[in-house]
Number of protein chains: 2
Amino acid sequence: MSKCEQCIIKQFNSLKSLTKDELMRISSCKTSMNIKKGDVIFDEGETINGVYCIKEGICKLSKLSANGKDQIVKIVVKGDLLGYRSMVSDEVSNLQAVALIDMKVCFIPKNEIINDLQTNPKFSFDVLKEMAHNLREADDIIVNMAQKSVRQRLAETLIYIHDSFGVNPDKTLSILLSREDFANIVGTATESAIRVLSQFKKDGLISMVGKKIRIENLEGLKRIE
Amino acid sequence: MSKCEQCIIKQFNSLKSLTKDELMRISSCKTSMNIKKGDVIFDEGETINGVYCIKEGICKLSKLSANGKDQIVKIVVKGDLLGYRSMVSDEVSNLQAVALIDMKVCFIPKNEIINDLQTNPKFSFDVLKEMAHNLREADDIIVNMAQKSVRQRLAETLIYIHDSFGVNPDKTLSILLSREDFANIVGTATESAIRVLSQFKKDGLISMVGKKIRIENLEGLKRIE
DNA sequence: AACGAAATATGACCAAAATCATAATTCGCC
DNA sequence: GGCGAATTATGATTTTGGTCATATTTCGTT
């Protein structure tokens, strides 16, 4: 079992603001777990009794809508904290988390960390900052959903993934998503997402390397109206 | 100038978690202001150097989209705190706030309150809870925008206003919005909002008392597919 | 290698909503 | 009370995107 106080992953999230003592205590009660691609980490309606620190891998946060479709509201990657809202709220989760690739995560029980949240102002301020940032992102998504076309939303999704999560050595997007995932991010039918991506390919904006997508013309994607 | 420590409005927001001493200090540096209907409280891109506590009135938070339309992301009412994200983030505002009716607000400078956020864990935990709640709401809005029809979103908006902000003695919705505001909440063209509301009226789901809307058949609105 | 299931692709058609145009109504203001 | 501007209303038309049907391809499993 690795030690939190020596783990470099925490540099990417609010846990960096914990003291060495706090980290050692957390380290002693955390659970490391491996999660397979496709596994449900937690489900809508479930009580989440702690926070997941993502050491490796990527997962999607989605919400089932009345018509039976999943809407992906966020992609969470290595370094991020998952389920941190459960620390503050006693409500059950409104989201489902599913691994997009194999993951390694550490689970920190709520009981252990909630105390730190209430006694370490630096830590709680950091969490506050993180939430404020997420709220701002959510505002942007709402506006995009409401006012932009499927083409635009899909182009922006590609750009977002490119800019936020980077590319592989062959320049393909580091995050591999199915057409259905793309559809569930932009909030459209799977067929529509397929059609738009095909068009982007025809237009030379993107290319496919196996199942992976490579952006060929970033500026062109940005100009999509 | 009224005193924060005696003000009952704070019961409705996180300020209730401040100590009497903290409240007295804040009271001495706050500014009371009257805001007229239609006034811009703050604009997108502005630095907000504090928090507004709403004593009276209602305002909308919106974001301008690329196509020139405003998207309303939240309605903020008496008792709420406005601009509290500025306490945690040094970024400029991503939203515009415009009064929907005349308002009375107290402005608390960021400098004065940020210290309390970092030293009073009860207060910061309260703010965290508030943000977590707002994030959950934002998730719901994203899913609605992505997956529901204009008819459904408009019906749900009416229900939301009814349930969250209440009704006048004559049973009309306490919040009076223009057709354009409705359009900007559900993310549609003004004409579409007008059409759908007209249809709701024809179907006996709502009625108009002057410019005010009265819900005649709440269950019917809930059944809109 | 062969099979079946899942993912991707494409066409045809339809429904929802945007856009454009034009009235009708309301409201502030002189 | 009347004028002009803003708001609300409604019709005609077009565009976007959803749905349904059906291939085609990919991939894991035996």
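Using five terminal pairs a side, the axes of the helix from C/dA1-D/dT30 to C/dC30-D/dG1 at its two ends make an angle of 50°, given in steps of 10 degrees.
Of the residues in residues 203-218 of chain A, A/Lys211 come within less than 4.0 Å of DNA chain C through at least one heavy atom, sorted by number. Of all the residues in residues 143-153 of chain B, B/Ser149, B/Val150 reach under 4.0 Å from DNA chain C with at least one non-hydrogen atom. Non-hydrogen atoms lying under 4.0 Å from DNA chain C are contributed by A/Ser178, A/Arg179, all within residues 167-185 of chain A.
Across all strands shown, A/Thr188 has heavy atoms under 4.0 Å from sugar-phosphate atoms exclusively, and none from any base.
Not counting sequence neighbours, B/Asp163 has no partner by the salt bridge (charged side-chain N to carboxylate O under 4.0 Å, His left out) test. Residues forming a side chain to side chain donor-acceptor pair (under 3.5 Å) with B/Asp90 (at least two apart in sequence, or on another chain): B/Lys110.
Read 5' to 3', the first and last nucleotides of DNA chain D with an atom closer than 4.0 Å to a heavy atom of chain B are D/dT7 to D/dA12.
Pairs engaging residues 127-164 of chain A under the ring-ring contact (aromatic ring centres under 6.0 Å, His included) rule: A/Tyr160-A/Phe165 [sequence neighbours left out]. Judged as a salt bridge (charged side-chain N to carboxylate O under 4.0 Å, His left out), the pairs with a partner in residues 74-85 of chain B (not counting sequence neighbours) are, in order, A/Asp139-B/Arg85, B/Glu56-B/Lys78, B/Lys74-B/Glu137. Pairs of residues two or more places apart, or lying in two chains, that qualify as salt bridge (charged side-chain N to carboxylate O under 4.0 Å, His left out) and include a residue from residues 166-178 of chain A are A/Asp170-A/Lys212. Listed by first then second residue, pairs satisfying side chain to side chain donor-acceptor pair (under 3.5 Å) with a partner in residues 37-53 of chain A read A/Asp43-A/Gln96, not counting sequence neighbours.
Around CD of A/Gln11, the count of heavy atoms belonging to other residues, nucleotides or ligands within 6.0 Å exceeds 12.
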Short N/O separations, protein against nucleotides 19-24 of chain C, under 3.5 angstrom:
from   : atom 1 : to       : atom 2 : distance (Å)
C/dT19 : O4     : B/Arg195 : NH2    : 3.0
C/dC20 : N4     : B/Glu191 : OE2    : 3.3

